[in-house]
Q: 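Once you've had a glance at the structure underneath, I'll fire off some questions.
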Amino acid sequence: MSVRREDDAEAEPAERRPFHGEVKDYRQPLVTSLGIILGFMLNFLAGWSNATEDGVVLESRADALLAATIAVSGGMLIVVLWRMLSPYAGAADERAHYATTARLYLLAVSISLVGFLLSILI
């Protein structure tokens with residue numbers, strides 16, 4: 001009987017490593033954090049649109065950049081939410097489905113963070 005070491009598991013490609021636990025254990029925190037981030041973005045948009053007295057929100061390139069990043073990342077987060085709540089959308093491998101969804105989630109959050117940071121710096 002061979003004993004498997006933890007560093008051997010790290011050396012294996014991701015496709016061969018076991019998927020620990022159930023997907024619901026990964027899904028619930030992701031859906032919760034996604035809801036919080038979407039809520040923050042919508043609250044920010046509501047406050048941003050009410051902040052101007054003349055009704056013009058996009059006054060500079062920074063405003064346009066922020067609006068574009070919020071639109072793109074918000075759309076991506078909605079796609080991530082759909083992928084997390086759909087029963088794997090016919091995916092043959094639930095690990096691959098979750099991994100792709102997690103990558104989309106990280107990309108969407110990164111885009112929104114970069115947009116917010118650029119709007120502050122510009």
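Every heavy atom of this structure was used, including side-chain atoms; hydrogens, water molecules and symmetry mates were not.
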Q: Would you call Ile78 and Trp82 a side-chain contact if the rule is heavy atoms closer than 4.5 Å?
A: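 No. Closest side-chain heavy atoms not under 4.5 Å.
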Q: Grouping I, L, V, M, F, W and Y whenever their side-chain heavy atoms are under 4.5 Å apart, do Phe44 and Leu117 come out in a common cluster?
A: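 No, Phe44 does not connect to Leu117 through the hydrophobic network.
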Q: Less than 4.5 Å apart, side chain to side chain, heavy atoms only: is that true for Tyr98 and Met84?
A: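 Tyr98 vs Met84: side chains touch.
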Q: With a 4.5 Å heavy-atom cut-off, do Leu104 and Arg83 have their side chains touching?
A: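 The answer is yes, as the side chains (C-beta and beyond) meet within the 4.5 Å cut-off.
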Q: Taking the ring centre of each residue, are Phe116 and Phe40 less than 6.0 Å apart?
A: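 Here the rings of Phe40 and Phe116 have centres that are less than 6.0 Å from each other.
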Q: Looking at Tyr105 and Leu34, what are the two nearest heavy atoms and their distance?
A: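 Looking at all heavy atoms of both residues, the closest pair is CD1-CD1, 3.9 Å.
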Q: In Å and rounded to the nearest 0.5 Å, what is the CE to OG distance from Met76 to Ser110?
A: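 So the CE of Met76 and the OG of Ser110 are separated by 9.0 Å.
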Q: In sequence, state the C-alpha distance, the side-chain angles, and the governing distance for Leu118 and Leu66, and then conclude on side-chain contact (heavy atoms from CB on, under 4.5 Å).
A: CA-CA 8 Å; Leu118 286 177; Leu66 180 60; over 6 Å; no
Q: Taking the side chain as every heavy atom from C-beta outward, state whether Leu81 and Leu77 have any atom pair closer than 4.5 Å.
A: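 No, every pair of side-chain atoms sits at 4.5 Å or beyond.
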Q: Are Trp48 and Leu42 in one and the same hydrophobic cluster, where Ile, Leu, Val, Met, Phe, Trp and Tyr link if side-chain heavy atoms are under 4.5 Å apart?
A: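 No; tracing contacts between hydrophobic side chains, which count when under 4.5 Å, never links both residues.
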Q: Are Leu113 and Leu107 linked, directly or through other ILVMFWY residues, by side chains that come within less than 4.5 angstrom of each other?
A: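 No, Leu113 does not connect to Leu107 through the hydrophobic network.
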Q: Under a single-linkage definition using a 4.5 Å side-chain heavy-atom cutoff for Ile, Leu, Val, Met, Phe, Trp and Tyr, are Leu58 and Ile120 assigned to the same hydrophobic cluster?
A: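 No, Leu58 does not connect to Ile120 through the hydrophobic network.
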Q: Quick one: pull up CG in Asp63 and OG in Ser60 and give me the separation to the nearest 0.5 Å.
A: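 Between Asp63 CG and Ser60 OG, I get 3.5 Å after rounding to 0.5 Å.
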Q: Quick one: closest heavy-atom pair of Thr69 and Gly115, and the distance?
A: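 Answer, listing the atom of Thr69 first, then Gly115: OG1-CA, 3.4 Å.
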Q: If I take atom OG from residue Ser112 and atom CD1 from residue Ile70, how far apart are they, to the nearest 0.5 angstrom?
A: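 These two atoms lie 8.0 Å from each other.
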Q: Does Asn43 use its side chain to pair, donor to acceptor, with the backbone of Gly39 at less than 3.5 Å?
A: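 Checking the backbone N and O of Gly39 against the side chain of Asn43, no donor-acceptor pair under 3.5 Å is found.
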